[in-house]
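Since the structure comes first, as structure tokens, the remarks are kept for the end.
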Amino acid sequence: MKKIFVTGGAGFIGSAFIRLVLDETSDVEIIDFDALTYAGNLDNLVGLDENRHKFIHGDIRNREAVLNALPDDCDAIFNFAAESHVDRSIHSADEFLTTNIIGTQVLLDAARAKNIRRFVQVSTDEVMGTLPEDDTAFFNEDSPIQPNSPYAASKASAELVVRAARETFGIDAVITRCGNNYGPRQFPEKLIPLMIANAMNDEPLPVYGDGKNVRDWIYVEDHARAIWMVYEKGKSGEAYNIGARNERQNLEVVTSILDSLGKPHSLIKYVTDRLGHDRRYAIDATKVENEIGWKTQTTWEEGLAKTIRWYQENQDWVERIRNGAYRDYYKKHYGMEVGTV
Ligand code: NAD
Ligand code: TYD
């Protein structure tokens, strides 16, 4: 059995990654280390093979806890743990800087102390800032690092501490930079699950600015598979951009959701734009396709249909969140109560 240490495995992408690895391998055991912040959810781990998945509640900023949880014979660390929502980073950057940067450094130190073979840093395309609209420019691995939000700045800084650990101490490290994910179990503060949840409840769908910002959407399972393949085949010291060549304006995403659910477009409510709102993300995935042999497997139409179906069939999962601390965030951020029609 090969052991891997996954941080942030109770979150959206980490749990999809764990599910994929357990389903598609038979010789991998996972230690899942997660602080269970507002975004971490043990419901995301229900039904996993208990012989190959062990959950440990802990914070990546806590050096002792990390060292205690990380086995000596572990092959790799996959660092998914992060504060991940841009809007929250605009309200306060504190947790973003400590978890995303210092937490990453603690994990790198632990990897060195325990001689872990490989470190996989799950980063984001947002470290590369924004692209002009109506342009043929894409993010590639040579694009400058020029983050625009506190979230993106913290993730860019995390990439830099990973780089420094490699240059200084020879840590074997690879970085993945993916575009916007969607799929089951995404916390309903992010665009797609927020819009699905509100539309299902006939509540307003808050669209920032003119709704014409562009994101490059990828189904979460495709991202998870790319991370696994980069771990297996990626070259130490390299970054790999991951994207499904699926650029969409926000308004197109929102109207597709409304149409799928048979709800009127009049539910769209234009609200004040996000500060520093990046206009366009678009990823050139040539490197991961050619060097690693990864390809997206899920079309936008299939992925969105599967996602909507999951939220329809798991309304209790959504409602448990909507009835919790989420209510306070929603009121502070949108100036209206969850459930306001
Ligand atoms: P998420 O917010 O759904 O989950 C984050 C998880 O990390 C949660 O389970 C949370 O409890 C855990 N966590 C937070 N702080 C922690 C700490 N200090 N110690 C231990 N665990 C902690 O996020 P996600 O969307 O699943 O994103 C996972 C990773 O992928 C993040 O690193 C994010 O930057 C990156 N990423 C996300 C996207 C996207 O579209 N969501 C795209 C590209 C990259
Ligand atoms: P989000 O899911 O927060 O991801 P990111 O900011 O990391 O790309 O937002 C995706 C896009 O949707 C982004 O352009 C902001 C926009 N958006 C809205 O228009 N309204 C909302 O309520 C939210 C949360 C996002």
Side-chain angles (χ1 to χ4, degrees), residues 6-17 32-42 44-45 56-62 65-66 69 78-90 95-96 98-100 102-104 106-107 121-127 130 148-149 151-152 154-155 158 175-183 185-195 198 204-218 220 223-224 226-227 241-243 248-251 253-254 268-274 276-281 283 330 333-334:
V6 174
T7 70
F12 164 51
I13 305 175
S15 65
F17 174 79
D32 176 358
F33 187 82
D34 194 299
L36 296 178
T37 66
Y38 78 92
N41 190 341
L42 289 176
N44 293 346
L45 304 171
I56 299 180
H57 184 202
D59 193 314
I60 60 168
R61 294 167 292 191
N62 182 336
V66 168
F78 293 78
N79 185 24
F80 290 87
E83 288 295 331
S84 68
H85 190 39
V86 172
D87 290 323
R88 287 184 190 253
S89 79
I90 295 169
E95 298 285 304
F96 287 77
T98 58
T99 284
N100 298 3
I102 293 172
T104 301
V106 168
L107 292 170
Q121 172 66 10
V122 180
S123 190
T124 165
D125 61 347
E126 300 191 32
V127 301
T130 187
N148 293 325
S149 70
Y151 161 67
S154 69
K155 293 295 290 186
I175 293 172
T176 59
R177 291 187 193 132
C178 191
N180 286 64
N181 284 226
Y182 68 99
R185 304 180 186 81
Q186 186 168 28
F187 195 85
E189 64 187 351
K190 304 277 169 64
L191 181 75
I192 289 182
L194 172 74
M195 298 299 168
N198 284 17
L205 274 53
V207 170
Y208 298 157
D210 62 4
K212 294 196 174 139
N213 298 66
V214 172
R215 296 294 183 262
D216 194 346
W217 294 97
I218 183 171
V220 64
H223 179 199
I227 293 168
N241 288 356
I242 299 163
R248 309 269 158 187
Q249 286 189 343
N250 293 339
L251 261 187
V253 171
V254 171
I268 292 173
K269 178 175 174 179
Y270 289 94
V271 300
T272 311
D273 206 356
R274 172 187 282 173
H277 194 175
D278 285 340
R279 194 63 176 167
R280 172 173 169 256
Y281 301 150
I283 291 156
Y330 200 93
H333 186 62
Y334 295 103

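Start at 1 and go down the list; that is how both ligands and their atoms are numbered.
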(request) Output yes when E95 and R61 qualify as a salt bridge under the 4.0 Å nitrogen-oxygen rule, no when they do not. (result) yes
(message) Are F78 and F17, when compared by the centres of their aromatic rings, separated by less than 6.0 Å?
(response) yes
(request) Using the test side chain to side chain contact (heavy atoms under 4.5 Å, CB included), find all partners of V106 that sit at least two apart in sequence or belong to another chain. (result) R63, V66, I102
(message) Between E126 and R177, does any NZ, NE, NH1 or NH2 come within less than 4.0 Å of an OD or OE carboxylate oxygen?
(response) no
(request) Report the residues that fulfil salt bridge (Lys or Arg N to Asp or Glu O under 4.0 Å) with R279, sequence neighbours left out, ordered by chain and then residue number. (result) E133, D210
(request) Please list, by chain and number, the protein residues whose heavy atoms come under 4.0 Å of ligand 2. (result) H85, V86, D87, E126, N180, E189, K190, L191, L194, M195, P206, V207, Y208, N213, R215, N250, R274, H277, Y281, Y334
(message) What does the 4.0 Å heavy-atom contact list look like for ligand 1?
(response) G8, A10, G11, F12, I13, D34, A35, L36, T37, A39, G40, G58, D59, I60, R61, F80, A81, A82, S84, T99, V122, S123, T124, Y151, K155, C178, G179, N180, N181
(request) Assess the side chains of D278 and N148: does a donor N or O sit below 3.5 Å from an acceptor N or O? (result) yes
(request) Using distance alone, with no hydrogens and no angle criterion, decide if T104 and N79 have a side-chain donor and acceptor under 3.5 Å apart. (result) yes
(request) May I ask you to check whether K190 and S84 show a side-chain donor-acceptor distance below 3.5 Å? (result) yes
(message) Ignoring hydrogens and geometry beyond distance, is a side-chain donor-acceptor pair present between Y334 and D87 at under 3.5 Å?
(response) no
